[in-house]
Amino acid sequence: MDSTKINQQLLHLVIGGELVCVDPQNCEFKDLEAVDFVGAYGSYEDARAAWKNAAQRTVDNAHMRYFIIHAHQLLDPHADKRQA
């Protein structure tokens, strides 16, 4: 395995909130102050487990959605290109 991949710091944020959608391409949070910050995780597996648990808790609310944000890609968007 490539040593750069092993040492690469990852950051995954899990957030959720109630969405209002005009159409499938135009959605936004209903209330930004009510956005649920589930947590920050160093591995995708941990973030996915947290996302799944949070989504399961709100299964009765059709407008509630949770997301995994790959923050490491936002902080250093050219990292993958440099490693190639």
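Not measured: the values here are computed from a predicted model.
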Can you list the residues that meet the side-chain contact (heavy atoms from CB on, under 4.5 Å) rule with [X], with sequence neighbours excluded?
| X | answer |
| --- | --- |
| A49 | none |
| L11 | L13, A40, A71, L75 |
| N61 | E18, H63, M64 |

Do [X] and [Y] sit in the same hydrophobic cluster, where Ile, Leu, Val, Met, Phe, Trp and Tyr count as joined when their side-chain heavy atoms come under 4.5 Å apart?
| X | Y | result |
| --- | --- | --- |
| V35 | I69 | yes |
| L19 | F37 | yes |
| I15 | L32 | yes |

Completion exercise
Looking only at heavy atoms, the pair that brings V38 and A54 closest together is CG2-CB, 3.9 Å

Problem - Residue pair A47 / H12: nearest heavy atoms and the distance that separates them - result: CB-CB, 3.6 Å

Problem - Inter- and intrachain pairs under side-chain hydrogen bond (donor to acceptor under 3.5 Å, both in side chains), touching residues 20-35, at least two apart - result: none

Exercise for the section: Can you run down the side-chain hydrogen bond (donor to acceptor under 3.5 Å, both in side chains) pairs that involve residues 36-49, sequence neighbours left out, and say none if there aren't any? Expected result: D36-Y66, S43-D46

Completion exercise
So the disulfide bond (SG atoms under 2.5 Å apart) pairs with at least one residue in residues 23-59 (sequence neighbours excluded) are C21-C27

Handout entry: Spacing of F29 atom CZ and R65 atom CZ [to the nearest 0.5 Å]
Key = 11.0 Å

